[in-house]
Structures are given as C-alpha cells and as structure tokens.
Amino acid sequence: MSKMPKWADAVLIPLISILIAFFFSGVVIWAIGKDPFVAIKTMVQGAFGSTQGVGYTLYYATNFIFTGLAVAVAYHARLFNIGGEGQATLGGLGVTLVCLAVPWPHWALALPAAMIGGALFGAAWAFIPAWLQAKRGSHIVITTIMFNYIGAALLGYVLLNVLKVPGSMLTESARFPAGAHLPTFHEMLAPFGINFNKNAPANMSFLVAILASVAFYFLIWRTRLGYEIRAYGQSETAAKYAGINPARIVIIAMLISGALAGLMAINNVMGEAERLIDNAVEGAGFIGIAVALMGRNHPIGIFLASILFGFLYQGGAELAFWESIPRELVVVIQALVIMFTGALDNMVRVPLEKLFLAFSKKKEA
Amino acid sequence: MDYLTIIQILDSSVRLATPLLLTCLAGLFSERAGVVDIGLEGKLLAAAFLSSAAAAVTGSIWIGLLAGIAGSLAFSMIHGLASITFKGDQLISGVALNFLAAGLTVVVGQSWFQLGGRTPSLNGAERFSPWTLPFSEALAKIPVIGPAYDELISGHTALTYLALLSVPLSWWVLYRSRFGLRLRAVGENPSAVDTAGISVVRLRYAALVIAGVLCGLAGTYLASLAAGFVKDMSAGRGYIALAALIFAKWRPWYALWATLLFGLLEAIGNRYQSIALGDIVIPVQFMQALPYILTVIILAGFVGKAIPPRASGQSYVKER
C-alpha cells in the first residue's frame, strides 16, 4: 500500500511548499521595510490589471514553458540539465541566422524555419555534454554549467565579429526582415474585435509553447521513446535489463531538452526583439529549473508554474517601478521556490506521510 | 614582452587566484565529505556583500571579515539542512542558494544603502592593506631576483598568504589527521564510517563549516580587492573554483596549481584584449572561456581521469 494518495503527492505537497516559499518571500519584503500585502496588490495589478500587463506576463511565461519543458524532459531521464541558459542563447543564434538568411515573404514560412534553426542550435549545444555523459561519464551538471559560460563567450564573439552591423555602435545583429515578424496578440486578436495592447510583446510563440506542451505529454507518456526515457530515469539497471541502450537515451533526452530550450528563441529573439542582442535569455534558462520542479515535470504543472513565474517577472518589474523594491526580489522568490519544492521536499513530505499513515491506521482500527 | 611585464602578469595571477584557491579548498572539504557544493558561488557573493557592508559601516575590514564568514556559514548551514538533515538533492539546494545570494544581496543592499544594490566604496582601513615583506625595498634593486621578490612575493594582502598557507594545512588535515581520515572516508563509504560508530551527519556538517569559513575568506577578499560590493561581483568564480577542483582531482596541492593556472588565464585575458600568435589572432572571448573549455576536456577524461569521491552527491540513509 502506498503511504499517500496520488493527489497529495502531485498537488498537496507542491502547494504547501510554494506557500512556505511565498511566506518567506513575504518575510523578506517585510524585513526591508515594505508592506508584503501592498506588494502583492501592486504585482497582481501590474501583471493582470491591463492587457499590457497580461501581454508581458504571457510573454515571460512563454519563455518559461519552453525552458521548463527542457529541464523536465531531461529530468525524466534523471539528468539535471542546468544548461538551458546556454542552449537558449545558442538557439537565439540559430533563429537569427535563419531570419537573416532570406528576405522572408511571410511569417508562416519564417516561423517553421526559425523553429528548426533554434531547435537545431539548442540541441547541438546540448549534444557535447550529453555525449560526454553517455560515453565518458562526465557529470552533466558540471559540463552544462561550463557550456553556459562557453556559450555566452561564443555569442559575444559572434555578435561582435560576425553579426554586428558595420559602423553601428550597438553590439547587436541587424533587424530581421519585415516578413519574419511574428503576429503579436494585438494583431492576432484584432479580427475578433478584442483590443489587446499594442506594445505587449506576447506573440504567436505562446501558441507554439502550448503545442510543445501537448507534444511533450504524448512523447513522455504515450510513446515508446518516452517510456524508455522514464524507465531509464527510474532505474538504469532495470532499463538495461529491458534492453534499453542507456547511452542512446541519455543523448536523445538531452537533444530534445536542448531543442526545447533553443525553441525559446522564437519568442524572445524573433517575437520580441526582432534582432539578436547580448544576454537575450535573461536567466529564463535557470527559471526553467524552478518551473519544472514546481510543475512536477508534467506539462500542466509546467504551464501553471510558467504563468506564475511570468506573473512574478512582470509583477516584479511593476514593484521596482512603484514600490522601489529591486527586480532581484523575483530572483529571491525563485530561489525560495527551488529550495522548498526541490531540495527541502522531504521537510514537507515526511510529516505529511506520517499524517496520512496515522489516518489510514485509524480507519482500519 | 619584457621581464617586468611577466612579473606583473604573474603578480596579478596570484591576486586573481587567491579567491579561487580559497573557494576551491572549500569545495574540496565539502566534496571530500560527500556533499557536492554547487552553491560556492552563492556563498562567495553573500560573504562579499556582508563583509563589504559591515566594513563600510564599522570602518574595519576585519569586522567585515567576521560578517562575511558569518554570512557564508549561514548559507553553508542551509545547504547542510537541505542536503544532510532533510536528505534533499544537493545540486538543487546549491542552485537555489546561488539564486538566493544573487537576489538577496541586491534587495537587501538597496534597502540598506540606496545605491542601486552596491555598497559604499571601501577605502583606508575598510580594505586589506598589502603586507610588505622585509627587505623588499632594499632587494628591489638587485636585478632579476629583486623585482620578483618585491612585486610577486611581497606586497599581497594577509588573505593571500593565508590562502597559500591553507594549502599545506588542508593537506595535513586531510591526509595526516584522524579527522581528515574520517572526512575522506565519509565521502567514499559513509556506511563504513557509521558502522565504526562515528556520526556521518556530524562529520558532514563539520566539512560544511570549514567550507563556509573558507568561502567567507574568499568573498571578503573579493570585496576588499574591488573596494566594495557590486551586483553579481563573484562573476562565476564559484563555478571556476568548482572547475579547478575537478582539474585538481580533489587534491589540495593540485588545487593550488589549478587555481594559479586559472588566475594566470584571467590575468592574461585582462591585460591583452586579443593575442596575436603569428597570423592567428586569439579573441578575448576565447581567453574568457578557456577555463571552462579546459574543465570540459578534463572531465571528458582525455587528460587523465578525474574521479570524484564515491559517495559525493548522495545523502546518507541509515539502514534499519
């Protein structure tokens, strides 16, 4: 008999952990002499109070869905991919090269091509750590961290020496052709008579992210490959015994992970900036870790967690503006969420298990 | 390149290697006891912030040092709580602590000093002053040896000498003391240590205390060197130290050479924007990425195999 019902494991524990994380976030706000309740009000108002706020929230959420799925797919194979940041950076390079290669006539043609470019570059950046883990046993956590730094240096070099517009002072690529412009929510919703804010960066990529989540679900729980990934994640020896090739699973899972992280670039590079700038990822690769942990590596959980972090990002910007609390507060909240839903999971789980056990014993008696 | 330039580059290598060495030794104690510490970066940052804040307020870097060590220790203990007591994932705990430091230092710094996340800049007694070793001025006039003694060996701050001293000390503690034997054993085979009636938990916490103190020293050194705290000033040094640790194969003397090498790379990168070797120009970005590239090559096992302590990364569960 299992100690706990399934819903407690999937919903109750993360919920309690998040509440504890938010409690401590409130303590931090209180400790720097601000009112936590005013802060929450400001954040909610800023993130959901206008279509502009919603547009930003969903824009950030789109990034996090991609990086969250990326972390999750690796996690199902029990691989901790901290390299989402670097993979998304390289994905941005892939998207840029595709967008600048041809004077695209229409976004419907540019988007699939850019997706392939971003995914390919992201996957390529994950390939070396994956191969080293599979064939040489190099710890993937360390190698992916190293590849984040190498990726940042590589991009700095390419931006400065290859992509920079000659004569320009700015370290950024040329603007993408007009045909590579992705429809924003404003343009998508106008035909339906909805007047969505013009300046909000949320765009078509949000729908791609949702499609990716659905595809993720089918991949992990409805295909043979997904089964093999999960089996390998549960027990390497058992997977080997069942005829699964561990090296193959490690490499494939990491390639998918890198591709998902790289796909993020259709949102931030193609959808928002419409050119490649330095440090375009802005930590979204790392947020993916928090999002995947919080969402229990399930697409629905990841979607909800991404919306939550989108809210925190956008609300945090408002907080900086109105309450003069630095944006880094979001990083603190992110840290607390990772801590309590990830590392301190047992702190909530063990007492809860005891509680359920005591409860079921009482019933039997 | 003349002799004096070489001496100057080596001198700044030592300067830049000092925080790496202290952090690397911190990671060494922690990982030798079986606790993987990705959170070195966060501890550095927390220590740099608190030491610089305390030094700015009290006017003494030595009080700053105490504050820095206290902050770093607090982070170490949270890591212990998560990864030893609650048997959580050590990697995740470390990642969380890095973010916690990155966020808290700015949020709290802004609230304390209103300088956009900086601390007031440090000067005078708020920084470590260089130690001039005896006769360095007299000897400076002697060709070849003189400048080397004066620039390279003399004139560092107390923490640099302390860092160099902690290499043989760490070696002695790890390989010649009973505590060190137990510490290494707990990282290789904790159940054997437990069977011998020694507390695995206490040993691992002890290792984390040592790591906390060492990171506290390193962070304070950074703050003193940069004359104050700026956002994200550790700039990945915690990760480079981790890389050096692998490079050093978890050994104290090798850690010294590894961190000196990485210090040298950074010093060369700082001095020359790009290096021309004949027709080939090495871009500065390549120099910046070199420590990480080297680590990947080492990890790949192409230059000798780096084998971590066997039980590192696993929380110890007593058998019932």
Review item, side-chain donor-acceptor pairs of residues 285-294 of chain A, under 3.5 Å, at least two apart:
none

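Surrounding CZ of A/Phe80 are more than 12 heavy atoms belonging to other residues, nucleotides or ligands, all under 6.0 Å away. The neighbour count for A/Arg296 CZ, taken as heavy atoms of other residues, nucleotides or ligands under 6.0 Å away, is above 12.
If you measure heavy-atom distances from A/Tyr157 to chain B, the contacts under 4.5 Å come from both the backbone and the side chain. Contacts between A/Ile82 and chain B at a heavy-atom distance below 4.5 Å involve the side chain alone, from C-beta outward. Residue contact with chain A, scored on non-hydrogen atoms closer than 4.5 Å, involves the side chain of B/Ile38 exclusively. Only the side chain of B/Val95 comes within less than 4.5 Å of a heavy atom of chain A; its backbone N, CA, C and O stay farther away. For B/Ile293, the parts lying under 4.5 angstrom from a heavy atom of chain A are both the backbone and the side chain.
For the options B/Ile240, B/Thr105, B/Leu104, B/Thr85, heavy-atom pairs under 4.5 Å to chain A are most numerous at B/Leu104. For the set A/Thr143, A/Ile142, A/Ile333, A/Ile29, the entry with the most heavy-atom pairs within less than 4.5 Å of chain B is A/Ile142. By number of non-hydrogen pairs under 4.5 angstrom with chain A, the leading residue of B/Gly88, B/Ala96, B/Gly117 is B/Ala96. Among A/Val331, A/Val141, A/Asn161, the residue with the largest count of heavy-atom pairs under 4.5 Å with chain B is A/Val331.
Side-chain contact check for A/His139 versus B/Val36: every heavy-atom pair is 4.5 Å or farther apart.
Of all residues in residues 144-155 of chain A, those placing a non-hydrogen atom less than 4.5 angstrom from a non-hydrogen atom of chain B are A/Ile145, A/Met146, A/Phe147, A/Tyr149, A/Ile150, A/Ala153. Using a 4.5 Å heavy-atom cut-off against chain B, the contacting residues of residues 312-330 of chain A are A/Pro326, A/Glu328, A/Leu329. Contacts with chain A (heavy atom to heavy atom, under 4.5 Å) involve these residues of residues 231-238 of chain B, listed by number: B/Lys231, B/Gly236.
A side chain to side chain contact (heavy atoms under 4.5 Å, CB included) with B/Ile92 is found for exactly one of A/Ile338, A/Asp345, A/Leu344, A/Thr341, namely A/Ile338.
Between A/Val332 and B/Gly103, the shortest heavy-atom contact is CG2-C, 3.4 Å. Residues B/Ser93 and A/Met339 share a closest heavy-atom pair of OG-CE, 3.6 Å.
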